[in-house]
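All chains are named by letter (A, B, ...) in the order of the sequence lines, taking the proteins before the strands, and each is independently numbered beginning at 1.
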Amino acid sequence: MSPAVLDLPQPGQSPADPDEYIGALMRWHFSAETGSPFWLRRAASLPFDPIADVRGFDDLRLFPNVVDEFREVPVADLIPRGLRGADRVVAGVYESGGTTGLPKRFVMFDRWMDFALGWDEHHYADLGTANVLAIAPSGPHMFGEFARRRARRHDGLLFTIDLDPRWIKRLIERGDTAESERYVAHIVDQAAHILRTQPVGILITTPPLLERLTRHDDLVELIRKEVRFLCWSGAHMDADTHEILRTEIFPGIPLKGLYGSTTILGMSRERDTERPDGLASFDPPSPYIVFRVVDPATGDDVPVGTRGQVVMNHLTKYALIPNNLERDLALKLEPPAGWLGCSVADVGPVATFGDHTVIEGVY
Amino acid sequence: MQVDGGVQIDALGPAGPYRARARQPLAALSGAAIGEISQVPALYVRRTLAAMRAAPVVPGAVRFDALDRAAELFLTATLGGFAPDEYVELVSTASGVPRGVVRQSVEWIADVLRSQRHTVELARPHGAVADWRHEKTLTGSAVWARRGDLFAVHAAGNTPAVHGLWPEALALGYKVVVRPSSREPYTAFRLVEALRTAGFPPATITLLPTDHTVADILIEESDFAIVYGGQDVVDKYAAIPTVLAQGPGRSKILITADVDWREHIDVIAGSVSHLGGTACTCATAVLVEGDPEPLAAALADRLGRIPSLPPDHPDAILTVAPTASVVAIDRYLHQVAGDARALLGGDGIVDVLPTGGAVLRPAVHLVDSPTAPQLGVELPFPCVWVGPWRPEDGIAPLRDSLVLTAMTGRAELIDALLDEPSIINLYLGDNPTTWLRPGIPHDGYLSERLMRTKGMIRSAVA
């Protein structure tokens with residue numbers, strides 16, 4: 001049913017020709033028999049014809065940013081009609097963090113999720129069997145399900161903790177520092193109990209929570225002894241903190257980040273080596289997830305080596321989410337040869353976004 | 001800190017200097033680049049504070065000897081690659097504080113360091129011994145003990161003299177972490193270097209340059225903190241007894257009718273212009289029983305004669321700042337002055353120098369009531385409000401003063417002023433509000449907050 005060019009590549013297989021890919025993608029999402037009710041409905045109010053006018057990556061800029069509509073739209077309407085069989089297996093409905101207003105909802109498909117999880121697989125290649133501790137949001141957030149699948153790939157057990165990032169944000173928004181501190185201490189206590197009693201090979205968490213763990217010498221000792229891989233995601237980590245964690249606190253334990261978002265149903269992977277300035281660089285899985293970095297004032301692409309606001313695109317047969325202006329600022333990097341868009345480094349939050357002050361908090 | 005390509009202000013951590021990848025530019029008043037200052041992340045701050053807490057307290061006698069040595073080093077040594085004169089020049093270039101004023105502040109800091117042995121003795125309650133080993137505890141005595149372990153300093157950059165307060169905490173046995181001003185971090189750096197060279201172990205005195213968000217962590221995680229800033233800062237920390245906010249001093253002078261102000265005009269003018277008007281002890285308001293206008297006119301005449309000079313001129317007194325910020329201060333002054341009558345500075349306080357920046361010229365305004373709101377407006381240059389006072393106005397107009405110089409012979413009035421809790425220091429007669437000596441409290445002895453007495457009785461074997 002779906003054209004082969006839209007199939008996710010097998011390991012070792014090179015990604016599709018970009019222009020051919022984008023063209024096939026437009027035909028898929030905007031044909032009555034394969035597109036989603038949402039896009040077929042939405043196409044009527046677009047001032048251009050996606051199939052005729054969008055012939056390559058650059059033409060995607062014609063699209064408006066529609067993610068705000070994902071706060072209200074019935075999620076079933078986001079499912080492309082053309083998906084069949086194994087392609088149609090849903091992994092879950094996930095929501096954006098709610099950092100900027102009400103959450104947006106997305107449908108995550110099983111096949112895509114497995115591909116997205118495999119994007120940084122080589123980092124984990126030598127770990128073998130390992131249990132996973134995820135000190136990260138579960139519930140409507142994709143973070144938790146990624147951790148579950150990570151554990152499965154390592155024939156390991158997954159240990160989790162309930163963490164409600166939206167509640168922490170409410171507390172911080174209210175200026176209730178004391179209560180948010182108590183909540184985070186409660187999270188750390190639970191993680192500590194798992195670390196003290198269970199072998200954990202892979203620790204997945206956010207930078208603020210990782211930093212909280214390091215305030216306890218006994219937990220640092222336990223992590224040094226047991227944990228063989230530290231994965232961070234969900235918030236910014238500056239180069240100095242990164243270096244102290246890597247060289248002083250957890251020397252010899254790989255510390256790798258993922259930079260992504262529920263709104264792209266996936267993430268970019270950290271490169272194997274840091275830049276000379278100590279910053280982690282992130283490559284998205286082009287052409288399925290593609291970044292741009294733009295001047296917040298004009299919306300134009302900034303030159304490589306310049307900071308700007310991140311625009312994310314999810315471009316698969318499972319979903320079409322073009323031109324999503326994220327809350328982050330980042331340094332634009334040259335992508336690997338032949339890839340669409342750009343890579344990024346030095347990701348951090350924009351101070352205000354729309355009408356909401358962005359609160360990074362623990363997530 | 002002196003390296004090729006400019007000055008680097010590194011953090012001075014428990015394990016030595018630390019240069020963060022995150023750095024902010026340091027600039028001279030003229031805009032010329034001086035170098036960079038590290039901005040350490042929260043993680044580094046917390047680890048530093050943890051290491052400081054774990055470090056042993058330096059014994060009292062060792063502390064006082066080290067403070068003496070630090071005074072000498074601070075005055076005379078080449079520290080961080082800077083000889084004393086080079087350091088003074090750097091501070092002056094960066095902050096616009098005249099070199100002469102910087103030198104005065106340096107002398108003051110050295111005096112403070114040298115006199116800690118004495119200051120701490122003066123501040124200790126009569127009933128308390130400094131060391132539990134004292135024989136008095138055998139029969140029962142109070143022992144002076146620390147209430148905490150870590151003291152944080154959130155320093156300001158308007159004058160190096162702000163570093164004259166916190167050495168008392170070090171003398172009391174606290175470990176001190178200093179967050180320097182990002183405009184003038186050189187004095188803090190030099191002082192911390194001097195103290196370390198003099199024998200304080202690195203984990204007992206550290207320098208942590210940070211951005212404002214991280215600076216809050218420093219204050220939250222320390223046992224006590226001293227913070228410099230405006231009224232906003234004072235309000236922010238008003239409810240937190242462990243934070244000593246140093247805000248506007250709103251120091252005042254009162255002259256009653258039994259005193260002829262003409263004999264004291266030099267002291268009054270000096271109170272306004274001392275250190276270029278940048279100190280919180282500088283007089284902001286002068287209240288006169290009788291007609292205030294002649295005094296205001298005489299004051300305007302004295303202050304008007306102070307020359308506009310570049311900060312490197314040996315006779316310079318007035319602070320120089322970037323022209324744009326002087327223009328902004330001028331605009332603000334005219335806005336708040338409202339119906340006050342300008343006797344000096346009414347046509348602007350901005351005096352642009354050919355060598356760059358602008359001098360903040362003095363301003364004298366006359367108000368018609370002791371309750372005029374202008375009397376509480378403190379600005380960072382010689383800016384004074386002169387108004388009338390009558391005995392029936394009482395002490396209300398004199399409240400909220402870091403220093404009140406009362407030129408009066410009325411003992412009952414003096415009693416009332418001494419009993420007024422919001423007057424922090426009371427000077428009488430021919431003494432400027434800016435008078436300071438080591439051993440005399442500035443905002444109480446620090447030990448009033450940092451120390452307590454504990455009862456002790458012990459048997460000879462203990």
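Between chain B and the options A:Leu279, A:Asp217, A:Asp240, the largest number of non-hydrogen pairs under 4.5 Å is found for A:Asp240. Among the candidates A:Leu245, A:Thr177, A:Asp277, the residue making the largest number of heavy-atom pairs closer than 4.5 Å to chain B is A:Asp277. Counting heavy-atom pairs closer than 4.5 Å to chain B, the top-ranked of the candidates A:Arg215, A:Glu248, A:Glu243 is A:Arg215.
For chain B, the nearby part of A:Asp238 is the side chain; its heavy atoms alone come within less than 4.5 Å. If you measure heavy-atom distances from B:Arg21 to chain A, the contacts under 4.5 Å come from both the backbone and the side chain. With a 4.5 angstrom heavy-atom cutoff, B:Glu220 does not touch chain A via any of its atoms. Interface residue B:Ala22: backbone and side-chain heavy atoms are both found under 4.5 Å from chain A.
Aromatic ring centres of A:Phe291 and A:Tyr259: separated by under 6.0 Å.
Between B:Tyr87 and B:Thr187 there is a side-chain heavy-atom pair separated by less than 4.5 Å.
One finds no salt bridge joining A:Asp176 and A:Arg170 here, because no Lys/Arg side-chain nitrogen approaches an Asp/Glu carboxylate oxygen to under 4.0 Å. Look at A:Glu181 and A:Arg212 and you find a salt bridge, because one of the NZ, NE, NH1 or NH2 atoms lies within 4.0 Å of a carboxylate O, short of that distance. A salt bridge does not link A:Asp283 with A:Arg269: every distance from a Lys NZ or Arg NE/NH1/NH2 to an Asp or Glu carboxylate oxygen is 4.0 Å or more.
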